[in-house]
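Below is one structure, written out as structure tokens; the observations come after it.
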Amino acid sequence: MNQTMQSQPFLWGSATASYQCEGAWQEDGKVESMWDRYLHENGYENGDVASDHYHRFREDLQLMHDGNQNAYRFSLSWPRIITDLDGTVNEKGLAFYGALIDECLAQGIEPFVTIYHWDLPQYLQEIGGWLNRKTCDAFVTLCRVVWKAFGGKVKHWTTFNEPKWFTFSGYFNGNYPPEHRDAQELITCCFNVMLANAMAVREFRAEKIPGEVGLVASYETFYPAEDNAACAAAAHNADNFANLWCTSSCAKGVFPADLVQRLKEEGLDLSFADEQALQIIHDNTVDFLGLNYYSPEFVTPCEEETEIVINNAGKNFKRKSLYKVKGWFATVRNPNLKYNAWDMGIYPQGLYDTLKTNYDLYHIPVYITENGYGNYDQMENGVINDDERIEYIDGHVKALLRAKADGVDVRGYFVWSAMDLYSWKNGCEKRYGLIYVDFEHDCRRIPKKSYYWYRDAIAAGFSKEGRN
Ligand code: BG6
């Protein structure tokens, strides 16, 4: 890691992802992503236009600048940059990101770039996606291209966003493309993604790209629902299942031994984990961890059949979200927490624990790369009073500052999301933005009350308290 990173100011920013905000799904030579294909084929709400960030990014960056934000986390659309299996580079796609990065720098905003936030090119999905090791090689090719183009201008790189969610949802729960439900495929993909991460880190170091390279993990804090050994064991199972395979392999270079043992006992085939790949993972760990924290889970043991219920319908959903994995753990609702309409529990202590746990385990710098509140925001007389979001962010930032005061080397905080955007299977109704996007009328931008609150809070003290 570059030493200058240690003296950088604390980053206060907001985040987006390419598919969720850019729109322009067919413009300037971009090819189809797996999400384009999947949502179109099934007739689901899609991100064809999304927040139209592709055309409005200058206005968005101006708003971030005026909102006192000094960093912007965004991702690169792989199918905009590389258009086929031969690795053909689309210069117009690269030029878009060049303009976006230049605009960040002109506005005094650090670009914090995620290389992969789920929008795999369809041509790679057709050869098996993350089940196929060729996708790992293709990922390194993508990294090489973007580092050659933007290395030096961008100092904060992350390889993947949340390996847990796109593998689990695509290959175990089947609610994301390619809608498979197969534990063997799940663990194969998980391994290949962590291998691709390590191969990319190796490349970053070999090419001496300036700055730092990390990975963004979704971190779910799992707490025993009751104070007993069985619930504690279930919480550890859940941690292994959802978090540790990812964080331990990228930050320490090894998979948890008890998890590996357990998978073998369950009859899963781990022959994909060959010595050479394990060595690459071992030798190429990240400089920092990005942690996305939204809500906690409370767990008990589970002997019932596996069942995953995800609330994508908000207030119209007739059940409650749950996660039951036979023999591993089951989640239960905590009656003492407030939940939003999509069953997300609000618990700022979970953010503190996320930071503390990961820092104590890995001793590398951490950033909160996503934290935010999804809601049905309404505009009334041109104003959006999103007080619940303000309360949520305020509570979580206070938890972050507490962790920092307790010695955690946390270096930045990003609200999810900069502006309203397309929320995967939830559509555009579930709004997270500091800025309202009027999807019905040309995507015009209207800053919400939370935008002004965040702007003033940064000026009034977050920066001071957060500084190293
Ligand atoms: C994170 C993802 O899992 O959570 C984002 O990195 C996502 O892409 C965010 O949008 C909020 O989740 P959701 O499902 O409510 O959009």
Side-chain angles (χ1 to χ4, degrees), residues 13-22 33-35 38-39 44-47 50-51 53 72-78 112-120 158-170 173 175-177 193 214-221 242-243 246-247 289-297 308-317 321 323 339-346 350-351 354 367-377 388-389 392-393 396 413-434 437 439:
S14 54
T16 63
S18 49
Y19 184 76
Q20 297 183 264
C21 72
E22 285 176 4
S33 74
M34 75 190 294
W35 277 90
Y38 167 73
L39 296 171
Y44 295 140
E45 187 177 341
N46 60 51
S51 328
H53 186 59
Y72 174 37
R73 174 176 175 239
F74 58 91
S75 76
L76 308 177
S77 161
W78 189 344
F112 199 101
V113 177
T114 305
I115 299 175
Y116 182 80
H117 197 129
W118 308 356
D119 42 358
L120 189 74
T158 63
T159 52
F160 287 92
N161 178 71
E162 298 189 349
K164 146 77 194 303
W165 280 111
F166 71 87
T167 55
F168 168 83
S169 307
N173 191 32
N175 61 325
Y176 281 5
V193 169
L215 177 143
V216 172
S218 50
Y219 198 82
E220 292 165 274
T221 45
N243 300 322
C246 172
T247 53
L289 269 179
L291 299 165
N292 293 350
Y293 173 80
Y294 287 86
S295 57
E297 296 288 1
I308 317 283
V309 179
I310 305 239
N311 176 356
N312 292 124
K315 62 188 177 197
N316 302 319
F317 200 59
S321 293
Y323 232 138
Y339 285 78
N340 79 353
W342 290 263
D343 300 334
M344 184 192 81
I346 301 170
L351 185 138
T354 294
Y367 293 83
I368 291 294
T369 34
E370 285 181 32
N371 175 241
Y373 187 73
N375 210 352
Y376 296 101
D377 296 326
E388 289 180 27
R389 178 167 299 106
Y392 179 96
I393 297 173
H396 286 77
Y413 173 85
F414 293 83
V415 174
W416 183 267
S417 50
M419 78 292 286
D420 291 336
L421 36 68
Y422 169 79
S423 164
W424 304 113
K425 296 293 280 290
N426 308 298
C428 289
E429 215 186 12
K430 186 178 187 184
R431 294 173 182 268
Y432 281 92
L434 295 168
V437 173
F439 295 111

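These numbers come from a predicted model, not from an experiment. Counting starts at 1 for both ligands and their atoms, following the listed order.
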*Give a yes or no answer on whether the side chain of Asn311 reaches the backbone of Ala313 with a donor-acceptor pair at less than 3.5 Å.*
yes

*asked:* Would Lys425 pass as a cation-pi partner of Tyr176, given that its NZ or CZ must be under 6.0 Å from the six-membered ring centre and within 45 degrees of the axis?
replied: no

*asked:* Classify the ring geometry of Trp165 against Phe168: parallel below 30°, tilted from 30° to 60°, perpendicular beyond 60°.
replied: perpendicular

_Below 4.0 Å from ligand 1: does a non-hydrogen atom of Lys425 turn up there or not?_
no

*asked:* Below 3.5 Å, N or O to N or O, backbone or side chain included: is there any such pair between Tyr432 and ligand 1?
replied: yes

*Of all the non-hydrogen atoms in the protein, which one sits nearest to atom 8 (O) of ligand 1, and at what distance?*
Gln20 OE1, 2.6 Å

*Glu370 to ligand 1: N or O pair under 3.5 Å?*
yes

*Nearest protein heavy-atom contact for atom 14 (O) of ligand 1: which residue, which atom, what distance?*
Asn426 ND2, 3.1 Å

*Would one find an N or O of Trp118, backbone or side chain, under 3.5 Å from an N or O of ligand 1?*
no

*Report the nearest protein non-hydrogen atom to atom 16 (O) of ligand 1: residue, atom name, distance rounded to 0.1 Å.*
Ser423 OG, 2.5 Å

*Contacts of Tyr373 that satisfy ring-ring contact (aromatic ring centres under 6.0 Å, His included) - sequence neighbours left out*: Tyr392

*Can you tell me the protein heavy atom closest to atom 9 (C) of ligand 1 and the distance?*
Tyr294 OH, 3.4 Å

*Do Asn161 and Arg73 have side-chain atoms, one donor and one acceptor, less than 3.5 Å apart?*
yes

*Within 45° cone of Tyr376 ring axis and under 6.0 Å: Lys315 NZ or CZ*: yes

